[in-house]
Number of protein chains: 2
Amino acid sequence: MNKKISIVDIANLLNISKTTVSFILNGRAQEKRISEELVQKVLKLVKEVGYKPNSLAKSLRTGKSNIIGLMVEDISNPFFANIARLIEDRAYEKGYRIIYCSTDNDTAKTQELIGMFQDRHVDGYIMAPPKDIEEDVRDLIKSGLPVVMFDRYLPNVDTDYVIVDNQFSTYNATRHLIEQGYSKIAFITFSSEQTQMLDRMNGYKNALKEDKLKPYIKEIDFNRNEELIKEPLSAYLKKNPGIDAILFGTDHIGTCGLKVINQLGVKVPDDIAIVSFDDYDVFELHSPSVTAIAQPIEAIADNIISLLLKKLESNSNQTTQKITLSTTLNMRNSSQQALKR
Amino acid sequence: MNKKISIVDIANLLNISKTTVSFILNGRAQEKRISEELVQKVLKLVKEVGYKPNSLAKSLRTGKSNIIGLMVEDISNPFFANIARLIEDRAYEKGYRIIYCSTDNDTAKTQELIGMFQDRHVDGYIMAPPKDIEEDVRDLIKSGLPVVMFDRYLPNVDTDYVIVDNQFSTYNATRHLIEQGYSKIAFITFSSEQTQMLDRMNGYKNALKEDKLKPYIKEIDFNRNEELIKEPLSAYLKKNPGIDAILFGTDHIGTCGLKVINQLGVKVPDDIAIVSFDDYDVFELHSPSVTAIAQPIEAIADNIISLLLKKLESNSNQTTQKITLSTTLNMRNSSQQALKR
DNA sequence: ATGAAAGCGCTAACAG
DNA sequence: CTGTTAGCGCTTTCAT
């Protein structure tokens with residue numbers, strides 16, 4: 001079993017000290033002026049016997065784990081799953097591993113998870129934070145750990161983050177609907193105090209204000225059970241038959257919305273126009289295809305990971321960086337019709 | 001910083017030995033006949049100062065990490081993302097954490113990942129194995145680590161696994177198409193030697209044989225670039241205009257297929273009927289809605305995790321269990337039309 | 001240029 | 001019932 005070979009074994013095999021082996025393995029041979037000959041001998045043996053340093057022991061000693069903790073809202077959500085995948089790839093290339101978990105936007109669960117990450121000695125955190133987690137994040141930062149937020153941020157905590165321009169995105173999408181001749185435009189979203197949601201809400205409201213249109217806002221409590229989303233959504237639409245366009249606040253509520261609309265037999269875009277936040281297969285393939293606000297997933301992941309690696313590699317506590325990326329409004333059939341007025 | 005508090009500190013604070021503390025913390029107070037009074041005192045202090053055992057040191061010492069390694073093909077695929085989410089939840093309840101990674105079905109990458117998991121001392125493995133990984137898995141098992149496979153398995157390695165009845169699923173789906181009057185039924189899938197794919201292929205072939213129908217099989221090399229899937233798929237359909245029904249071998253190829261069909265302007269189900277493996281939102285919402293073979297995701301995850309926990313908790317090497325679950329054919333509009341003959 | 005030895009925080013024989 | 005002590009495998013200071 002190569003599992004049993006330790007640094008001492010290979011030192012003994014060569015009749016040298018484990019210190020020397022350690023130096024060689026950590027690329028400090030030059031610095032320590034160890035003979036090239038010895039270095040080669042050690043490297044050769046290591047390869048032969050397939051010796052692998054025990055990273056647990058290493059971490060215990062150094063306090064570094066080469067692990068990054070990734071906390072998303074829900075890994076089964078395509079947006080987060082894709083981000084996670086890209087982050088994993090980038091981190092892997094750099095020798096870092098990812099431990100991920102889903103917070104469910106639950107503060108208590110997130111605190112517990114931070115605790116778990118802490119005692120696994122993760123080197124850094126990437127998270128889409130839930131509410132009321134400010135204190136915990138501050139503690140993390142105080143103890144010197146890099147934290148990068150994404151998707152949303154905590155206004156009262158000074159961290160790096162990568163977000164998209166949510167407010168302009170919904171503003172722009174709403175203006176698009178208005179230009180297409182729609183006037184009773186609803187914004188259907190999850191009830192949330194998080195920055196990304198507030199921004200989306202504001203973008204929507206601002207766009208309406210310009211034309212003095214009346215807002216139709218429906219906030220739904222998040223629930224993992226789809227029925228509990230579709231039901232109030234359906235009720236709201238029935239109660240407000242005048243609505244001629246809907247902007248959905250997230251992909252999940254957008255998908256649920258489509259299902260409801262299909263059930264109700266409403267015609268899109270004739271009876272009602274639709275735009276959703278986040279873009280993916282469902283929206284492209286739907287008939288009619290659904291106009292959607294696409295987040296630049298690759299760019300988000302790239303920025304997150306390079307922000308984190310920068311902090312990780314220079315342990316100096318530089319100033320924080322806040323990156324805002326822009327989205328794309330993919331106009332499709334669900335929001336395009338002849339002008340109505 | 002509560003991070004700095006160690007078991008010695010709390011022992012000193014109470015003027016007792018760290019052994020005693022260790023015993024109490026590990027619930028062996030009873031067994032070691034430590035006075036209830038002392039136990040309470042220790043527990044109280046631990047809570048007060050917020051002491052958390054360093055799990056790294058613990059793992060180094062015990063060889064147990066309470067971490068499970070989860071290797072999926074691609075975490076951004078909805079099927080795997082959902083399974084991962086459910087497994088995470090179940091494992092979390094039991095005090096286990098998950099480290100996941102995507103293998104991309106790449107043998108070399110998987111071997112590397114196994115190496116990484118090994119030196120992180122994961123307690124067990126859950127994996128959707130790529131090909132040619134038999135040796136590595138055998139080594140794992142030999143070293144006493146529980147391994148549970150899912151989605152597919154390695155015929156020449158005796159492990160626990162949880163799969164679905166792939167062969168019957170495609171047999172059944174194909175029979176459904178035949179009953180609906182289709183006769184030139186294509187099976188479009190990724191080229192693969194993996195068990196689940198072979199079984200799906202066999203199910204399709206067997207169903208055709210009963211009616212002596214000619215098979216139309218198109219195997220496409222997997223690629224992360226969608227264009228390289230859509231392009232050969234499109235070419236195949238153009239070259240075989242006679243095809244009146246398609247069974248897609250996986251969700252991903254099904255989604256790509258839908259895009260191609262939409263581009264080509266083919267009418268579903270009049271020109272061509274469609275059934276896909278794996279069921280999710282895209283298929284339900286598509287117009288016409290797409291008939292799909294739904295895997296029992298929850299049951300799969302439940303079975304995986306309970307199989308693994310069973311092995312983990314009784315370190316006896318019991319006999320392996322092989323679990324096959326059945327799928328559901330969700331019949332929708334894409335495959336239903338008046339009989340043609 | 002190389003090695004001895006201390007110690008990271010924890011568990012578990014072995015003593016008492 | 002509680003404490004002493006020896007490691008787990010590694011890094012790193014300090015000698016030589």
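Note that the structure is predicted; figures quoted are calculated from it, not measured. Below, chain A is the first sequence line, B the second, and so on; all start at residue 1.
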Atom-pair distance (CD1 on I7(B); P on dC10(C)), nearest Å: 5 Å
Taking any heavy-atom pair under 4.0 Å as a contact, classify S35(A): base, sugar-phosphate, or nothing. sugar-phosphate
Separation of dT2(D) atom C1' from L14(B) atom CG, nearest Å, is 13 Å
Are D89(A) and R224(B) close enough for a salt bridge, meaning some N to O gap below 4.0 Å? yes
Does NZ or CZ of K18(A) lie under 6.0 Å from the centre of the six-membered ring of F23(A), at an angle within 45° of the ring axis? no
What is the separation between atom NZ on K58(A) and atom P on dC8(D), rounded to the nearest whole Å? 19 Å
If you define the side chain from C-beta out and look only at heavy atoms, does anything of F80(B) sit under 4.5 Å from D151(B)? yes
So, does S22(B) get its side chain near the phosphate of dT11(C), meaning an N or O under 4.0 Å from OP1 or OP2? yes
Per the atom types in the model, does the base of dA12(C) pair as donor or acceptor with the side chain of T19(B) at under 3.5 Å? yes
Rounded off to whole Å, could you give me the CD-to-C1' distance for the E31(A) and dT12(D) pair? 11 Å
Find the distance I10(A):CD1 to dT11(D):P and express it as a whole number of Å. 12 Å
Below the 4.0 Å mark, does dG9(D) have OP1 or OP2 next to a side-chain nitrogen or oxygen of Y51(A)? no
Below 4.0 angstrom from OP1 or OP2 of dT2(C), is there any side-chain N or O of S17(A)? no
Mind checking I34(A) for me? I need base, sugar-phosphate or nothing, with any heavy atom below 4.0 Å counting as a touch. sugar-phosphate
Ranking dG9(C), dC10(D), dG3(D) by distance to the side chain of P53(A), first place goes to dC10(D)
Using a heavy-atom cut-off of 4.0 Å across all strands, would you classify K32(A) as base, sugar-phosphate, or nothing? base
Quick one: label D9(A) by what it contacts on the DNA or RNA (base, sugar-phosphate, nothing), any heavy atom closer than 4.0 Å. nothing
Would you say the side chain of F117(A) lies within less than 4.5 Å of the side chain of I67(A), judging by non-hydrogen atoms? no
Please work out if L56(A) contacts a base, only the sugar-phosphate, or nothing of the nucleic acid, heavy-atom cut-off 4.0 Å. nothing
Ignoring hydrogens and geometry beyond distance, is the side chain of R61(B) in donor-acceptor contact with the base of dG7(D) at under 3.5 Å? yes
It should be established whether N26(A) places a side-chain nitrogen or oxygen under 4.0 Å from OP1 or OP2 of nucleotide dT11(D). yes
Can you see if the side chain of K18(B) gets near the phosphate of dG3(D) - specifically, an N or O under 4.0 Å from OP1 or OP2? no
Nucleotide of dC1(D), dT2(C), dG9(C) approaching R33(B) most closely (side-chain heavy atoms): dC1(D)
Toward the 5' end of DNA chain D, which comes first, T20(B) or L60(B), by nearest nucleotide? T20(B)
Nearest-Å distance for atom pair CD1/P, residues I24(A) and dT11(D): 13 Å
May I ask you to check whether Y100(A) and Y100(B) place their ring centers less than 6.0 Å from one another? yes
Salt bridge or not for D74(B) and R85(A), using N-O below 4.0 Å? yes
To the nearest Å, give me how far apart CZ (F23(B)) and P (dT11(C)) are. 10 Å
Could you tell me the separation between the CG atom of L25(B) and the P atom of dC10(C), rounded to a whole number of Å? 9 Å
